[in-house]
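Quick caveat: nothing in here was measured; it's all calculated off a predicted structure. Proteins get letters first, then strands, A, B, ... in listed order; numbering begins at 1 in each. Only this structure's heavy atoms are used, side chains among them; waters, hydrogens and symmetry mates stay out.
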Amino acid sequence: MSGSRQPAAVVDRVVVPAGTTASEAVKAAGLPLTGPKAIVVVRDETGRLRDLDWTPEVEVHVEPVAIDSPDGLSVLRHSTAHVLAQAVQDIFPEAKLGIGPPIENGFYYDFQVARPFQPEDLAKLEKRMQEIIKLGQVFRRRRFASLEEAKAELASEPFKLELVDIKGDGGAGQGAGIDTSEVMEVGGGELTIYDNIDPKTGKRVWGDLCRGPHLPSTRLIGAFSLLRSAAAYWRGSEKNPQLQRIYGTAWPTKDALKEYLHLLEEAARRDHRRLGTELDLFSFPDEIGSGLVVFHPKGGVIKREMEDYVRRRHIEEGFQYVGTPHISKEGLFHTSGHLPYYAETMFPPMQMEGANYYLKAMNCPMHNLIYRSRGRSYRELPLRFFEFGTVYRYEKSGVVQGLTRVRGLTQDDSHSYCTPEQAPDEVRHLLNFVLSLLRDFGLTDYYLELSTRDDSKPDKFVGSDEDWAVATAVLEQVALDSGLKLVPDPGGAAFYGPKISVQARDAIGRTWQMSTIQYDFNQPARFGLEYQAADGSRQRPVMIHSAKFGSIERFLGVLTEHYAGAFPAWLAPVQVVGIPIREDHVPYLQSFVDKLRAEGIRAEVDDSDDRMQKKIRTAQQQKIPFMVLAGDQDAADGTVSFRYRDGSQRNGVPIDEAVAHVVEVVRSRTNEGPSAA
RNA sequence: GCCGGUGUAGCUCAGUGGUAGAGCAACCGCCUUGUAAGCGGUUGGUCGUCGGUUCAAUCCCGACCACCGGCUCCA
């Protein structure tokens, strides 16, 4: 979610004369030091952010950074995290400090406390934070003369000591994932603490090991809110103790905070789990088990429309539709190489006739068997298999979530077998195809991620360095050629090869990982896949895995949130509902609806004994694209009257024209409207 | 899997150590209506499951299941 971030105003550099503070220079340049556009830090000539009380020894040119710029917001949030930590230690003196970095739209701080935080605690902490902010405490940077000095001062903070020790190691051996640069200058040779000073007394009231920089004063924290608390493993490893994390958000102004909280509300309103119940789309019966969904008739309509369309498009793009079973003997997954890597996340095997059978967690091994079922010629390549393959994965109990993280899912999975020479074109073809499909469903804003091998963890990946290099280069080139933004994801590759994933932004700016394209040189070798080349020799194909939506279930969830349940007409479970003004208008509307049904439109008449206004309300709540009303007037004129979801109307439309209108909107597969506007 | 929270009617939620209530939905009537809730009535719950404490448990305790928020993980 990207909130109301605005691009930083282009500010001229200001000159800080030797021996004076950055603050004085900013002030001399006539820039604000308070208010919603306050300059809070400066960027020096090396690109490093500096506190406003930084006093360079020689004249420097610096770039003022405003509180509402991306960097300024990070500083604001980082400082707010400090205020939170101070409040926590005021109220819970035994609390030990973890780390407290800014994150997108907010911040968090980790603490070790005797008792996990309760919601009431957050309210108390917010109140204490308000007091601290009101005091206008000053953040002051202080440099430790030595590691020993730092350790002596931080003796009562075991986690901070650990961080200092890590630094003492020379910063080496830090694979465990935490960003120590948050608390200290990695490689910068500096160890600093920020003291919080009460401006009235000049006394130090609190302090925290931190690299900074910080706001000049807590007073600049315009608005903040603590959002939730949760446990988090120290330094990100489940082998370490769990600390209690408090998440919060902070903004330069109350209005900006309000706007962000509205966005969160909007996200909650769109939650597909809630809409799935309200619109009667799907449910997760306890009796079946966690993470296993059933689609109700209305959800089934959307799912079928999606599948029908996607199947047709695959066939148009040269894919051949195949089908495979849900279980297999274990040997198959040994051959493919999946079992050693994923045994823990596959459902445990069942024994039958002396063999172990696994529920399948991936489709590719079975597609490989189809490839191998007979000799293949180079003339067949690229050979493209596609299916809706339902797979089962034993997701840990704590991670199952709605449709986005399930234990049974249907992949729109394809595998292209081609020569290494054909691979770049095939990847390009797939990328264009997946983007066109996403566009067809109304997702038009995306960027790419390139997931590569982590060379420091060779046991997580199989294959030679050369093969990885080739595969990665092919994907990278295609990604670059697409012109889309490309974000690296080191270490994110599957064990058998690198991947491109498409991240799509939804209507309220959240991004979701959708399609993936993976280059795999491993499985063809493991399965001994071959084709006969033009010269008669036997050659090894490469295979390219691709899922367009990833999982049909998840994509339906994403679409539900993207459209807030108001699906485009072509996907809507009920496309038209007829609303009679009076009970005796039902037959008139029924004949209209029959005409629509003859055209394949999903239409019905609301013949309940509710009043017309109530029927409109019901149809609105069900987010039905076309409401069609008819009373005496329309019946006499041979017309109907449209009310659309957005409340707009088109009255007195002749029957045939009305039918043609609905049919046109539905068949166009437009993702807009419909509306009279 | 780990930490915390939650679990009462189809949905949203009250409630209490003495075997339960509202609104909406559903059903039955009355009303006959032109663009977001007409009126009345009825039905509906082993209070997530199992065990314990107690004369008595929906309420207290424990285990399990599920969901929510995170962490970790995500072929």
Side-chain angles (χ1 to χ4, degrees), chain A residues 108 110 115-119 121 177 227-247 268 271 273-274 277-278 280 283-291 333 336-339 341-346 360-365 391 393-402 404-406 409 411 413 451 460 492-497 499 513 516 518 520 523 545 547 550-551 579-585 608-622 627-635 641-645 647-652:
Chain A
Y108 66 77
D110 290 343
R115 174 183 61 85
F117 297 110
Q118 312 282 319
D121 295 331
L227 299 175
R228 62 178 67 92
S229 66
Y233 296 107
W234 168 239
R235 293 175 59 210
S237 168
E238 56 188 335
K239 294 189 185 75
N240 290 336
Q242 282 196 326
L243 306 183
Q244 294 300 313
R245 175 173 295 179
I246 294 177
Y247 284 93
D271 190 311
R273 294 165 295 191
R274 168 192 176 138
T277 302
E278 285 176 7
D280 196 14
S283 60
F284 300 87
D286 285 359
E287 293 84 343
I288 297 179
S290 178
F333 303 118
S336 71
H338 286 95
L339 206 45
Y341 285 88
Y342 299 115
E344 278 177 19
T345 46
M346 290 176 74
K360 78 172 166 185
M362 68 297 296
N363 301 301
C364 35
V391 299
R393 296 176 178 179
Y394 175 62
E395 300 285 0
K396 287 180 184 172
S397 61
V399 305
V400 169
Q401 200 229 26
T404 51
R405 197 75 182 270
V406 291
L409 60 125
Q411 295 180 313
D413 204 2
S451 301
K460 272 193 76 181
F495 74 87
Y496 52 72
K499 76 177 175 198
Q513 182 184 314
T516 57
Q518 295 173 281
D520 184 356
Q523 287 197 60
H545 306 239
S551 118
I579 297 178
I581 300 300
R582 214 171 45 231
E583 197 178 345
D584 53 317
H585 301 123
S608 68
D609 52 9
D610 286 332
R611 289 177 75 205
M612 174 267 299
Q613 286 86 346
K614 179 63 183 298
K615 292 180 182 183
I616 289 170
R617 179 181 153 85
T618 304
Q620 285 285 165
Q621 287 180 326
Q622 288 297 304
M627 282 160 266
V628 176
L629 284 78
D632 290 336
Q633 189 66 48
D634 278 309
S641 295
F642 283 97
R643 179 194 166 98
Y644 302 93
R645 264 191 306 231
S648 63
Q649 298 177 27
R650 266 184 74 198
N651 295 328

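When the C1' atom is used for both B:rU16 and B:rC11, the distance is 24 Å, rounded to whole Å. Rounded to whole Å, the C1' atom of B:rA36 lies 38 Å from the corresponding atom of B:rU58. Comparing the C1' positions of B:rU19 and B:rC59 gives a spacing of 12 Å, expressed to the nearest Å.
Across all strands shown, B:rA56 forms no Watson-Crick or G-U wobble pair with both distances under 3.5 Å. Nucleotide B:rU33 has no partner under the Watson-Crick or G-U criteria, as no pair reaches both atom distances under 3.5 Å. Pair assignment for B:rA63: B:rU49, on the basis of Watson-Crick or G-U wobble contacts that are both within less than 3.5 Å. For B:rC13, the paired nucleotide is B:rG21, the pair qualifying as Watson-Crick or G-U wobble because both relevant distances are below 3.5 Å. Across all strands shown, the partner of B:rU42 is B:rA26, judged by Watson-Crick or G-U wobble contacts whose two distances both fall under 3.5 Å.
Salt bridge absent: A:Asp610 and A:Lys615 never bring a charged side-chain N and a carboxylate O closer than 4.0 Å.
Between A:Phe333 and A:Tyr342, the gap from one ring centroid to the other reaches at least 6.0 Å.
On the nucleic acid side, RNA chain B has its first and last nucleotide under 4.0 Å of a heavy atom of chain A at B:rG1 to B:rA75, going 5' to 3'.
Side-chain contact check for A:Thr404 and A:Gln401: at least one donor-acceptor pair (N or O, by modelled atom type) lies under 3.5 Å. In this model, a donor atom of one side chain and an acceptor atom of the other lie less than 3.5 Å apart for A:Arg643 and A:Gln620.
At the heavy-atom level, A:Thr516 lies nowhere under 4.0 Å from the strands shown.
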